[in-house]
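In what follows, a single structure is set out as structure tokens and then discussed.
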2 protein chains.
Amino acid sequence: MTKTESSSESHLSGVALWRRIADAIRLDIVGGKRQPGDRLPGETELAERFSANRHTVRRALAALQAEGVIRTEQGRGSFVDQARRVSYRIGKRTRFSENLAGQAATISRDMLSSRLENATGSVAAALGLRAGTKVTRLETLSSADNRPMSRASIWLSYAAFPDFAVRFAENPSITATLASYGIADYARASTRISARHADADETATLKLAPGAILLVSEAVDTDLGGKPLLYALSRFPADLMELVV
Amino acid sequence: MTKTESSSESHLSGVALWRRIADAIRLDIVGGKRQPGDRLPGETELAERFSANRHTVRRALAALQAEGVIRTEQGRGSFVDQARRVSYRIGKRTRFSENLAGQAATISRDMLSSRLENATGSVAAALGLRAGTKVTRLETLSSADNRPMSRASIWLSYAAFPDFAVRFAENPSITATLASYGIADYARASTRISARHADADETATLKLAPGAILLVSEAVDTDLGGKPLLYALSRFPADLMELVV
DNA sequence: TTATGTTGTCTAGTTTATTAGACAAGTAGA
DNA sequence: TCTACTTGTCTAATAAACTAGACAACATAA
């Protein structure tokens, strides 16, 4: 009756055992319990610890190696090859590039695409516009040290900021682009944070292991008078980043 | 060569197709795109939309029904059976019970266990204590309308708050218990937010579908002078809750 | 060199996941 | 009632995940 007891969990979870093992090991590394250069326990010991076969453990280790989290050497063992999570600070003044300064050598934010669309429910509500109003939508990808760190969708009123996409292409940051419209300063009004699995598109652009978890931030930035300027939906790989309030 | 193209994704992901489908449907519901009472598309149409077999879709729907997210009726279809996500507000004054008031009828925080232990690295650092100092550790489970909503571990200095666990059992909340020590008010100093899969223990106590995603909050509360009072590691089901900064 | 412990690579068998098709059983409207 | 559409339940076949065991290849230190 209980012949296949150990595998009954995976039957209910829908998440393969090798992936749960990889997640557990990555969590230790990215959470700081294991330092870069540390040697992991041997495959046989890991197999015992997770009540799994050595082949299953090997598959988990192979996935972690493909992600660049560890490095495996024949005859020696597996070694931690990545530092701990990067912190992204959220506050009144939240600026992407200032935020990661000091945690990475090079920081960039590239525009993947832009288009004009009609504001729908959540976008219109966030920007305080009537549904159907024209808004500019930007799709951006931010990287630190050439590692994709954030995939964001940004909406702004087209009437208030005509040709924002064009100007953004000529400016180094959102802050600088807003300044070109006479917005000297702006503040974060609200941030809503949730988490979910990455979809196929996000997996590709953020160069994630398929099935990875994202932290999702929905933010509204306003001018100093409280008038909404932009609405941003940002997605951060939960393995690489944590949000600090 | 590309005979099994559609299944090659699941090979890389380690997350079963039926679970990815269930996650996608749940995301629509919990994100507000589908309202309670709405009818989902038929199984055949969902199967086409996700490029999967109807049996695979049925398994996803069965999982969602087991979670209480939808309800399926023979001959009629599947219907949304749960409201959208609950918001948990994080700010200077973050109090669990005040936070969810208005979003649920009954709110409770139960103590699962308590013990005395020696402060280790992260706990000692957060509380500003030397490693090895005695601290009280509480394990709590919070519920709204009898649905588990948060699993938290809380650490306090034993010297500053002797027998905290005993007093907490006699008081309705952390706030009230701290008041009994003469702490009239306290504030949230920092919050770090990350996300990961639930482990076996968390899956059981929070009554989650195995493989569910958690929002993890690490917070330090201080008195009004900035002296650390407690360190809390809270886990929220990402399907049910979002954090609002 | 030798012994020991490590990772790499095979073969083989079982269980689970996914697909495919057919038909039963329930619902709702013409 | 009849028809069309829905979910429920079977059987069957293939692909992927997991387990089990054996042995090769490499690293390290005695």
Side-chain angles (χ1 to χ4, degrees), chain A residues 1-25 37-66 70-81 209-211, chain B residues 1-25 37-66 70-81 209-211:
Chain A
M1 197 136 168
T2 54
K3 198 170 71 176
T4 58
E5 195 173 56
S6 69
S7 56
S8 65
E9 291 176 35
S10 112
H11 165 254
L12 291 172
S13 106
V15 180
L17 180 55
W18 65 265
R19 166 156 274 279
R20 298 203 301 274
I21 293 172
D23 286 346
I25 295 173
D38 282 3
R39 183 178 174 283
L40 296 181
E43 294 173 352
T44 312
E45 186 181 336
L46 287 173
E48 277 181 21
R49 190 176 299 183
F50 289 106
S51 304
N53 190 273
R54 185 166 80 96
H55 296 288
T56 308
V57 169
R58 281 178 60 74
R59 185 161 186 183
L61 295 177
L64 291 173
Q65 188 165 32
I70 65 169
R71 162 183 35 91
T72 300
E73 296 178 21
Q74 181 168 356
R76 305 221 311 136
S78 294
F79 301 85
V80 177
D81 203 31
Chain B
M1 196 136 167
T2 55
K3 199 171 71 175
T4 58
E5 195 173 56
S6 71
S7 56
S8 64
E9 293 176 33
S10 111
H11 165 255
L12 291 171
S13 109
V15 181
L17 180 56
W18 66 265
R19 166 156 276 279
R20 300 204 300 274
I21 293 172
D23 287 347
I25 295 174
D38 282 1
R39 182 180 175 283
L40 295 181
E43 294 173 353
T44 312
E45 186 182 336
L46 287 173
E48 278 181 22
R49 191 175 300 183
F50 290 105
S51 304
N53 190 273
R54 187 166 79 95
H55 296 290
T56 308
V57 169
R58 282 179 59 74
R59 185 163 186 181
L61 295 177
L64 291 173
Q65 188 165 33
I70 65 168
R71 164 184 33 91
T72 299
E73 297 178 22
Q74 181 169 357
R76 305 221 309 139
S78 294
F79 301 86
V80 177
D81 203 31

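Predicted model, so just to flag it, every value in this text is computed and none were measured. Letters A, B, ... are given to chains in the order of the sequence lines, protein chains preceding strands, and every chain is numbered from 1. Keep in mind that the numbers below use all heavy atoms, side chains included, and drop hydrogens, waters and symmetry copies.
- The A/Thr72 side chain lies nearest to C/dG8 when the options are C/dT6, C/dG8, C/dT18.
- Remark: A/Thr44 OG1 to A/Asn53 CG distance equals 10.0 Å, nearest 0.5 Å.
- In terms of position along DNA chain C, the nucleotide closest to A/Gly77 lies nearer the 5' end than the nucleotide closest to the other residue of the pair A/Gly77 and B/Arg76.
- Within the structure, a side-chain polar atom (N or O) of B/Arg58 is placed less than 4.0 Å from OP1 or OP2 of D/dG8.
- The distance between atom CG of A/Leu61 and atom P of C/dT7, rounded to the nearest whole Å, is 8 Å.
- Between B/His55 and B/Thr44, the residue whose closest nucleotide on DNA chain D is further toward the 5' end is B/Thr44.
- Between the side chain of B/Arg54 and the base of C/dG21 there is no donor-acceptor pair of N/O atoms closer than 3.5 Å.
- Distance B/Trp18 CH2 to C/dT16 C1': 12 Å, rounded to the nearest Å.
- Rounded to whole angstrom, the span from the CG atom of B/Leu46 across to the C1' atom of D/dC5 amounts to 15 Å.
- For the pair B/Pro41 and A/Ala52, both in contact range of DNA chain D, the more 5′-proximal nearest nucleotide belongs to B/Pro41.
- Atom CD in B/Glu45 sits roughly 13 Å away from atom C1' in D/dC5 (whole-Å rounding).
- What separates CD of A/Glu43 from C1' of D/dT19 is a distance of 15 Å, to the nearest Å.
- Between the side chain of A/Arg59 and the backbone N or O of A/Leu17 there is no donor-acceptor pair closer than 3.5 Å.
- B/Gln74 places its CD atom 18 Å from the P atom of C/dC23, with the value rounded to the nearest Å.
- For the pair B/Ile21/B/Leu46, no side-chain contact is recorded, criterion being any heavy-atom separation below 4.5 Å from C-beta on.
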Applying side-chain contact (heavy atoms from CB on, under 4.5 Å), run through B/Leu64 and B/Thr72 and close with a yes or a no. CA-CA 10 Å; B/Leu64 291 173; B/Thr72 299; over 6 Å; no
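- Panel note: side chain B/Arg39, backbone B/Arg76; a donor-acceptor pair is recorded below 3.5 Å.
- The interatomic distance linking A/Arg59 (CZ) with C/dT9 (C1') rounds to 16 Å, in whole Å.
- The separation between A/Arg20 atom CZ and C/dT16 atom P is 13 Å, rounded to whole Å.
- Distances were taken from every side-chain heavy atom of A/Thr56 (C-beta onward) to each of D/dT19, D/dG8, C/dG8; the shortest belongs to D/dT19.
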